[in-house]
Number of protein chains: 2
Amino acid sequence: MGRPKKALLDRTRIGRTALELVDETGDFTVPEVARRLGVQTASVYHHVEGRAGVIELLREQVVAGLDAGTLATGPWDVALEVWARSYRAAFAAHPRAIAMLMTSPVRAVRVIEHYERVVSLLGEAGFAPAAVMPIVTGLDNIVLGSALDMSAPEVMWIVGEESRAPRLAEAQAATGPDRADLAFDLTLAGFLAHCRELLASKGRAAEA
Amino acid sequence: MGRPKKALLDRTRIGRTALELVDETGDFTVPEVARRLGVQTASVYHHVEGRAGVIELLREQVVAGLDAGTLATGPWDVALEVWARSYRAAFAAHPRAIAMLMTSPVRAVRVIEHYERVVSLLGEAGFAPAAVMPIVTGLDNIVLGSALDMSAPEVMWIVGEESRAPRLAEAQAATGPDRADLAFDLTLAGFLAHCRELLASKGRAAEA
DNA sequence: ACCTGAACACCGTTCAAGT
DNA sequence: ACCTGAACACCGTTCAAGT
C-alpha cells in the first residue's frame, strides 16, 4: 500500500484507543491497538517509542481533563486539597490504567505543569526549599495510593476460612461502599493538618 | 525422564527464584524461573496456579521476615506506627516487586494474620466498627503508596527543558536523598494524629 | 514520511506421554 | 504425583520494501 495521502494514524488516536482497551479489558497490546485502528502492528511503531510510549499517551489521556488553574485560587492548603481531589478523580475514571502509570516516570508536559504550580504554591506559602519535595511526594503518594486502592479488586484481602480471621471478616462486613473515599478523606485531612502545623511551628521558630 | 524419586521443585524454591529474578531484572518469567531451577517450564505449572500463583509466592517471600507480634505491644497508635514502618521496610527491601503485588488480592495467610491483628487493635482502641476498615485502608495506602514511590525511577518527573518548570527543577535540586523517607514520616504522623483526634472527639460525643 | 508484510525471539499455558 | 517434550496462540520489536 505504501504511504497514504492522509495519515491513518496519530498519537492522540493511538492513546485514545489504548485507553479504551485498558478500560474495557484491563490491559492493552500493541497489536490490539493496531487492530482497532484497522492498521498493521508495525505502523504504530512509526508514531510511538515502543509500548512504553503508548503508556505515556495513556497518561496524557487520563489527565487530559485536568485544569491546573484550580491551583491558583485560595489559600495554599485549600488549593492543594482541591487539586488532590481532582487528580484522584481523574485516575478514578480509569482505574485499570493506574497500575501501568505508576512505575514509569512522568514526561507528559501537562503533568509537569501541575507539579510546577504545586511547587510554586508551597514556596510562596513559606515552606523551606528542602521541605517542598517531601511534601509534594507525600501528597502524590496519597493520591496514587488511594487511586490504586480504587483500582484494586473488590476485596483486597481474601479470607479463606472465616475462622482464621474472624475480626477482619467482621470488619469487612461492617464496611460501607464508601470505604475508599473515607480512607482518602482521612489521610488527606491528616496530611494537610500536619503541613499547617509544620508551617506554624516554623513561623514561631523564625520569630524567636 | 518421568517422575523423579525426590521432587525437584517446591513452592518455596519457585518463590525464592522468582524474587531473585525480580530483584535483579525488575521482572520475572515462568520460563526464566524454570531455567534457573534447571527444570522444564511446564514443570512449574504442576506446583503453582499460573503466573498469578507465582506472584502470590513472591508476596509470601517479601513478607516472610515480618513479625505480627509487634502489634501486640504498647498503645494502639505506637503499635500501628511500628507495624507500618516494618511493613514498608519489607517492601523497600524488594522495591521492584512492589508494583506486581498491588493489583492482585492478598490470599497469603501470613499477611491476612497481620490485618486480623490490626483490625482487633483498632476495635479494642474504641473505634466504631464502620470506621475500622477505612482506617486500615488508609494506613495500607500510605504504606503501599510510599513503597511504590521508593520503587519508582530516580526522578519521577522528568523536566524536559528546564525553562518549562524552573521551580520544580529548583525544588528537585534542593532535595536530599531522604525525600521518600521524609514524605512517609510526614504522612504517617499526620494520619495517626488525625486518628487520635477522631477517637478523642468520639469519646467526647459519647460522654455528652 | 508513513504504511505493509514478513520475520525473530520470546511468552503463558496445555497436554499426552513417561515413571 | 511429578517431570518432559512438543505444541498453540500470542507478544514486542525490527526491517526491507513500497509509495
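Chain naming here is simple, since letters A, B, ... match the order of the sequence lines and numbering starts at 1 in each. All values derive from a computational prediction rather than experimental measurement.
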J.: Nearest whole Å is fine: how far is C/dC10 C1' from B/R51 CZ?
T.: 13 Å
J.: Sort out the partner of C/dA6 for me: Watson-Crick or G-U wobble, both distances under 3.5 Å, none otherwise.
T.: D/dT14
J.: Any side-chain to backbone donor/acceptor pair from B/R51 onto B/F28? Under 3.5 Å, distance only.
T.: yes
J.: Who pairs with A/A99 by side chain to side chain contact (heavy atoms under 4.5 Å, CB included), at least two apart in sequence or on another chain?
T.: A/L148, B/T103
J.: Please determine, for D/dT19, whether a Watson-Crick or G-U wobble partner exists with both distances under 3.5 Å, and give it or none.
T.: C/dA1
J.: CG of A/D10 versus P of C/dA1: gap in Å, rounded?
T.: 17 Å
J.: Mind calculating the distance between CG (A/L9) and C1' (C/dC2) to the nearest angstrom?
T.: 9 Å
J.: Scan residues 31-47 of chain A against DNA chain C and write down, sorted by residue number, each residue with any heavy atom closer than 4.0 Å; if none is found, say none.
T.: A/V39, A/Q40, A/A42, A/S43, A/H46, A/H47
J.: Under a 4.0 Å N-O cut-off, is there an ion pair linking A/R88 with A/D185?
T.: no
J.: Roughly, in whole Å, what's the span from CG in A/L21 to C1' in D/dC11?
T.: 15 Å
J.: Can you check the A/R11 CZ to C/dA1 P distance for me, whole Å?
T.: 16 Å
J.: Check the distance between C/dC3's P and A/L8's CG and give it to me in whole angstrom.
T.: 5 Å
J.: Quick one: do A/R36 and A/E32 make a salt bridge, cutoff under 4.0 Å?
T.: no
J.: Please round to the nearest 0.5 Å and tell me the distance separating atom CG of A/L71 and atom CG of A/L66.
T.: 9.0 Å
J.: Rounded to whole Å, how long is the line connecting atom NZ of B/K6 with atom C1' of C/dT19?
T.: 17 Å
J.: Hey, is B/E56 close enough to B/R59 for a salt bridge, meaning N to O under 4.0 Å?
T.: yes
